[in-house]
Amino acid sequence: MKLHIVNPEQDTIEGYERVDVVDGLIDLSAYADNECDVILASDSLNGMSLEQAHQAVYQMSKKMRGNAKLIVGGLDIRLIARHIIRGGWNTQEANQNIFANSSCLDVNYTRNLVASCGLSIDSTRVLGLSYEIEATRKLG
């Protein structure tokens, strides 16, 4: 089973089941624990508050089989701040981009969050203002 957790305006990747982030929440009740081989949530954290992101990552980790992959990410608040300070966005652009999201975590915070759910971090990628973390649920 492959899940793609997306904000409502995003497209789903073919071959993945779509799970929408609705009001910052995801509903994974239709899936059994240990059912998923891959959960792709590369931009979904932006649509959640800090508390909702914690709950979502925990829920996702429970749905993962042994050796399953989780790919999670979003905008990095530190990179956004640096971008604004360097003049990358004017005030209007900054407001549009920041307030279009419910939160902006940073890559280190999210790495710690993923690890706290018992997942092993495989890789971290930063591209522009966003990050993506790939993690595995180890067997045993």
Residue pairs passing the ring-ring contact (aromatic ring centres under 6.0 Å, His included) test where at least one lies in residues 67-113, sequence neighbours excluded: His54-Tyr109, His83-Trp89
Tyr16: which other cluster members, linking ILVMFWY side chains closer than 4.5 Å, directly or transitively? Ile13, Val38, Leu40, Ile71
Non-hydrogen side-chain atoms of Leu28 and Met60 separated by less than 4.5 Å: yes
For the student: nearest non-hydrogen atoms of Ala56 and Ile26, plus distance: CB-CD1, 3.8 Å
Do Leu25 and Val57 belong together in a cluster built from hydrophobic side chains that touch within less than 4.5 Å? no
Test item: Asn97 and Ile80 side chains (from C-beta on) under 4.5 Å apart, heavy atoms: no
Going by side-chain hydrogen bond (donor to acceptor under 3.5 Å, both in side chains), name the residues that satisfy it together with Thr110, two or more places apart in sequence or in a different chain. Tyr131
Mind checking who shares a hydrophobic cluster with Leu127, ILVMFWY linked at side-chain heavy-atom distances under 4.5 Å? none
Taking all heavy atoms of Ala135 and all of Asp122, pick out the closest pair and write down the distance. C-OD2, 3.5 Å
In chain order, what residues pass the side-chain contact (heavy atoms from CB on, under 4.5 Å) check against Glu51, with sequence neighbours excluded? Ser49
What about Tyr31 and Leu119, same hydrophobic cluster or not, with Ile/Leu/Val/Met/Phe/Trp/Tyr joined at side-chain heavy-atom distances under 4.5 Å? yes
Short side-chain to backbone donor-acceptor contact, Ser103 and Met48, under 3.5 Å: yes
Salt bridge (charged side-chain N to carboxylate O under 4.0 Å, His left out) involving Glu132 - partner list, sequence neighbours excluded: Arg125
Closest non-hydrogen atom pair, His4 against Thr12: ND1-CA, 3.5 Å
For Glu35 versus Ala30, what's the shortest heavy-atom pair and its separation? OE1-O, 4.5 Å
Qualifying residues under side-chain contact (heavy atoms from CB on, under 4.5 Å), relative to Val22, sequence neighbours excluded: Asp20
Can you list everything that forms a side-chain hydrogen bond (donor to acceptor under 3.5 Å, both in side chains) with Glu93? Sequence neighbours excluded, please. none
Residues that Arg111 engages under side-chain contact (heavy atoms from CB on, under 4.5 Å), provided they are two or more places apart: Val107, Asn108, Ile121, Thr124, Ile133
Are the side chain of Asp37 and the backbone N or O of Met1 linked by a donor-acceptor pair below 3.5 Å? yes
Between Asn46 and Leu75, is there a donor-acceptor pair closer than 3.5 Å when you use the side chain of the first and the backbone of the second? yes
Applying salt bridge (Lys or Arg N to Asp or Glu O under 4.0 Å), run through Asp33 and Lys63 and close with a yes or a no. CA-CA 4 Å; Asp33 288 354; Lys63 301 303 177 183; 3.1 Å; yes
Contacts of Ser116 that satisfy side-chain contact (heavy atoms from CB on, under 4.5 Å) - sequence neighbours left out: Leu113
Under the rule for ring-ring contact (aromatic ring centres under 6.0 Å, His included), what residues qualify as partners of Tyr58, not counting sequence neighbours? none
Among residues at least two apart in sequence or on other chains, which ones pass side-chain hydrogen bond (donor to acceptor under 3.5 Å, both in side chains) with Gln10? Asp43
